[in-house]
Amino acid sequence: MESRAGEILITRMTEHDLLEVVEIEEGSGLSRWGWAAYYAELQGVNRDLMLIARVASAPIIEHQRIAGYIVARESAGELHINNVAVRDQYRRRGVGSALLTRIVEAARRLKVQVAFLEVRSGNLAAQALYEKIGFKAIARRPDYYSDPREDAVVMSLTLGEP
Ligand SMILES: CC(C)(COP(=O)(O)OP(=O)(O)OC[C@H]1O[C@@H](n2cnc3c(N)ncnc32)[C@H](O)[C@@H]1OP(=O)(O)O)[C@@H](O)C(=O)NCCC(=O)NCCS
């Protein structure tokens, strides 16, 4: 897939990626999972739904850096997207879209029928990204988040017929 800045390479996450993944998580204002939770997730049945992105044309010194990642779970025909984040300096280059598109493709291969996610009501950047992929807001969960307290918007994307 071509980004505006070059080629976006998406691969499965491995335990070697976790220090960077946690660094990106900490810089992104996401609810904290931390190293141990990602490591445990990598040992589980959803490890194929943990992806990282690199931007191939990044300057040589940054070439190996992970630009962003996504973590999802599949259960009973539903995909739940838990975390998606892109390093500040790689945003607005299509990395988030590429990660979401790839996870949706993986879900289709697993015969998943519907994908869900929750997003902070004030996180308009993420909501715009999800809408671009085709997600629609279906519900609001009052005070779902803490630190700071905020509503969640629940969004869903139908992938296939039962
Ligand atoms: C949300 C996030 C993952 C988007 O990643 P990204 O790589 O910048 O996204 P893309 O470049 O693929 O953007 C795709 C579209 O999303 C929308 N979008 C992305 N960032 C936006 C912003 N800051 N403001 C408005 N719209 C935005 C735009 O429609 C954009 O398309 P365009 O660039 O052609 O206008 C990134 O901003 C991020 O890591 N945020 C912090 C973590 C976070 O909030 N994660 C989601 C938690 S639910």
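Given the structure is predicted, the values throughout are model-derived calculations rather than measurements. Every number for a ligand or one of its atoms is a count from 1 in the order of the listing.
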Subject >> Donor-acceptor pair, side chain of Glu25 and main chain of Trp33, under 3.5 angstrom >> reply: yes

Subject >> Closest to atom 43 (C) of ligand 1 among Val84, Leu129, Ile70, Ile81 (heavy-atom distance) >> reply: Val84

Subject >> Distance-only side-chain donor-acceptor flag, Glu118 / Tyr144, under 3.5 Å >> reply: yes

Original post:
Quick one: which ligand 1 atoms are inside 4.0 Å of a heavy atom on Ala128?
Top reply: 16 (O), 17 (C), 26 (N)

Subject >> Close approach of Gly94 to ligand 1, heavy atoms, under 4.0 angstrom >> reply: yes

Subject >> Side-chain (Asp151) to main-chain (Asp143) donor-acceptor, under 3.5 angstrom >> reply: yes

Subject >> N/O separation below 3.5 Å, Leu30 to ligand 1 >> reply: no

Original post:
Regarding Tyr69 and Glu20, is there a side-chain donor-to-acceptor distance under 3.5 Å anywhere?
Top reply: no

Original post:
Is there a donor-acceptor pair under 3.5 Å between the side chain of Glu15 and the backbone N or O of Tyr39?
Top reply: no

Original post:
Which residue from Gly27, Ser28, Ser97 reaches closest to atom 13 (O) of ligand 1 through any of its heavy atoms?
Top reply: Ser97

Subject >> Contact (N/O only, under 3.5 Å) between Tyr90 and ligand 1 >> reply: no

**OP:** Could you tell me whether the side chain of Arg87 and the main chain of Ile66 form a donor-acceptor pair under 3.5 Å?
**Re:** yes

Original post:
Which atoms of ligand 1 have any heavy atom of Val95 under 4.0 Å away?
Top reply: 7 (O), 12 (O)

**OP:** Decide whether an N or O pair under 3.5 Å exists between Glu118 and ligand 1.
**Re:** no

Original post:
Applying a 4.0 Å heavy-atom criterion (strictly less than), which segment of Tyr69 is in contact with ligand 1: side chain, backbone, both, or neither?
Top reply: neither

Original post:
Do Glu74 and His80 have side-chain atoms, one donor and one acceptor, less than 3.5 Å apart?
Top reply: no

Original post:
If you measure from each non-hydrogen atom of Leu117 to ligand 1, which part falls under 4.0 Å: side chain, backbone, both or neither?
Top reply: neither

**OP:** Could you verify whether a donor N or O on one side chain and an acceptor N or O on the other, from Asn83 and Tyr38, lie under 3.5 Å apart?
**Re:** yes

**OP:** State whether the shortest distance between N or O atoms of Val119 and N or O atoms of ligand 1 falls below 3.5 angstrom.
**Re:** no

**OP:** For Tyr130, counting its heavy atoms only, list the atoms of ligand 1 lying under 4.0 Å from any of them.
**Re:** 46 (C), 47 (C), 48 (S)

Original post:
For atom 34 (O) of ligand 1, which candidate among Lys132, Arg93, Arg92, Met155 holds the nearest heavy atom?
Top reply: Lys132

Original post:
Transitive ILVMFWY cluster of Val114 at side-chain heavy atoms under 4.5 Å: who else is in it?
Top reply: Phe116, Ile138, Val154

